[in-house]
Protein chains: 2
Amino acid sequence: MDYKQMEQSLKAASDETRMLILKYLSKEALCICEFTELLDMSQPAISQHMRKLKQAGWICEEKRGRWTIWSLNEKHELFEVLSSLLAMLPEPERTVESLIAEGKKVNCN
Amino acid sequence: MDYKQMEQSLKAASDETRMLILKYLSKEALCICEFTELLDMSQPAISQHMRKLKQAGWICEEKRGRWTIWSLNEKHELFEVLSSLLAMLPEPERTVESLIAEGKKVNCN
DNA sequence: TGCATACATAAGTGATTGCTTATATAATAA
DNA sequence: TTATTATATAAGCAATCACTTATGTATGCA
């Protein structure tokens with residue numbers, strides 16, 4: 001891995017919002033609409049973060065009907081490093097379960 | 001470690017120039033003037049990169065006369081992660097030895 | 001067919017980045 | 001003392017950032 005590649009990978013991960021996204025994805029695959037609820041952010045903001053993470057190779061998308069299901073790319077060269085970083089982070093307050101409890105869970109998977 | 005802390009640490013390391021600096025420091029402690037030669041950059045540019053790395057806790061400074069000797073901070077909470085990242089990077093082309101060969105090595109340590 | 005849903009993209013904006021040049025500071029050398 | 005060396009800091013600037021609002025696109029449903 002060269003310096004430019006590592007810079008691009010790390011830069012994409014070095015953002016509080018995107019680290020939260022990756023933390024959620026380390027548990028289960030999710031779609032954009034769930035993240036807008038979990039992170040309380042606009043849909044375009046989430047969408048743009050996803051694009052950055054995808055360009056860096058951290059996540060994969062799977063189109064299913066009108067949903068796009070996002071998941072961690074376990075084949076990323078730095079996947080193990082990412083995993084150990086994510087393991088150091090606390091569990092987010094909002095969970096998919098809390099969305100269900102609030103009746104805000106969408107049926108995308 | 002919380003999300004903001006990790007973001008700040010990773011952001012400081014997520015730069016090609018600063019990763020090169022860290023790679024050099026993983027071998028030996030060095031001063032600014034050596035980096036200006038090794039990286040072919042201006043002194044203020046290097047100085048500002050050092051400040052960022054120091055603020056993130058990645059490096060330590062030791063003032064010795066008019067020199068400032070910089071070294072990796074092995075007590076950083078993410079030191080092991082950093083080490084494994086640096087180990088994946090190729091050795092830089094320019095080395096302290098090549099500086100000596102060119103007669104550009106300074107006597108700072 | 002028409003409308004709602006899920007998402008992507010584009011343009012605009014204020015904040016941050018990484019450099020530059022210029023200058024300040026502090027230690028040593030002459 | 002004066003000059004030189006090593007470094008830090010400040011101001012300025014173009015590029016990039018993360019958001020916003022507005023709009024486009026594709027799917028599924030009535």
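So that the names make sense, note that chain A is the first sequence line, chain B the second, and so on, each numbered from 1. Being a predicted model, the structure only gives us computed values, none of them experimental.
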Which residues within residues 6-13 of chain A lie with some heavy atom under 4.0 Å of an atom in DNA chain C? none
Contacts of A:Lys4 that satisfy side-chain hydrogen bond (donor to acceptor under 3.5 Å, both in side chains) - sequence neighbours left out: A:Glu7, B:Glu16
Which residues share a salt bridge (Lys or Arg N to Asp or Glu O under 4.0 Å) with A:Glu80, sequence neighbours left out: none
Sugar-phosphate, base or nothing in reach of B:Met41, heavy atoms under 4.0 Å: sugar-phosphate
When the distance from CG of B:Asp40 to P of C:dG18 is rounded to whole Å, what number comes out? 19 Å
Under the side-chain hydrogen bond (donor to acceptor under 3.5 Å, both in side chains) test, which residues partner B:Glu62, sequence neighbours left out? B:Arg64
Between C:dC7 and A:Arg51, is there an OP1 or OP2 to side-chain N/O distance shorter than 4.0 Å? no
Using atom types as modelled, flag every donor-acceptor pair under 3.5 Å from a side chain in residues 51-59 of chain B to any protein atom, sequence neighbours excluded.
from    : atom 1 : to      : atom 2 : distance (Å)
B:Lys54 : NZ     : B:Glu61 : OE2    : 2.5
B:Trp58 : NE1    : B:Ser9  : O      : 2.9

N/O to N/O distances under 3.5 Å, protein versus nucleotides 21-29 of chain C:
none

Enumerate the residue pairs fulfilling salt bridge (charged side-chain N to carboxylate O under 4.0 Å, His left out) with a member in residues 66-78 of chain A, sequence neighbours excluded, ordered by first and then second residue. none
Whole-Å distance separating the CG atom of A:Leu53 from the P atom of C:dA8: 12 Å
In this structure, how many angstroms lie between the C1' atom of C:dA15 and the CG atom of A:Asp15, rounded? 14 Å
For B:Glu97, look at atom CD and say whether over 12 heavy atoms of other residues, nucleotides or ligands are found less than 6.0 Å away. yes
Return the value, rounded to whole Å, for the distance between atom CG of A:Leu39 and atom C1' of D:dT20. 17 Å
Could you tell me which residues satisfy side-chain hydrogen bond (donor to acceptor under 3.5 Å, both in side chains) with B:Ser14, sequence neighbours excluded, listed by chain and number? A:Ser14
Grab the CD-P distance between A:Glu37 and C:dA6 for me, whole Å please. 10 Å
Nearest-Å distance, CD (A:Glu16) to P (C:dA15)? 19 Å
To the nearest Å, give me how far apart CZ (A:Phe35) and C1' (C:dA8) are. 17 Å
Under 4.0 Å between any heavy atoms, over every strand shown, what does A:Ser47 touch: base, sugar-phosphate, or nothing? Just pick one. base
Atom pair distance, as rounded to whole Å: NZ in A:Lys54 and P in C:dC7: 14 Å
Is the distance from OP1 or OP2 of D:dA18 to the nearest side-chain N or O of A:Lys52 less than 4.0 Å? yes
So if I take every side-chain heavy atom of B:Trp67 and compare against D:dA6, D:dA18, C:dA8, which nucleotide ends up nearest? D:dA6
Under the side-chain hydrogen bond (donor to acceptor under 3.5 Å, both in side chains) test, which residues partner A:Glu91, sequence neighbours left out? A:Lys27
Are B:Pro44 and B:Gln48 close enough that some pair of their side-chain heavy atoms sits under 4.5 Å apart? yes
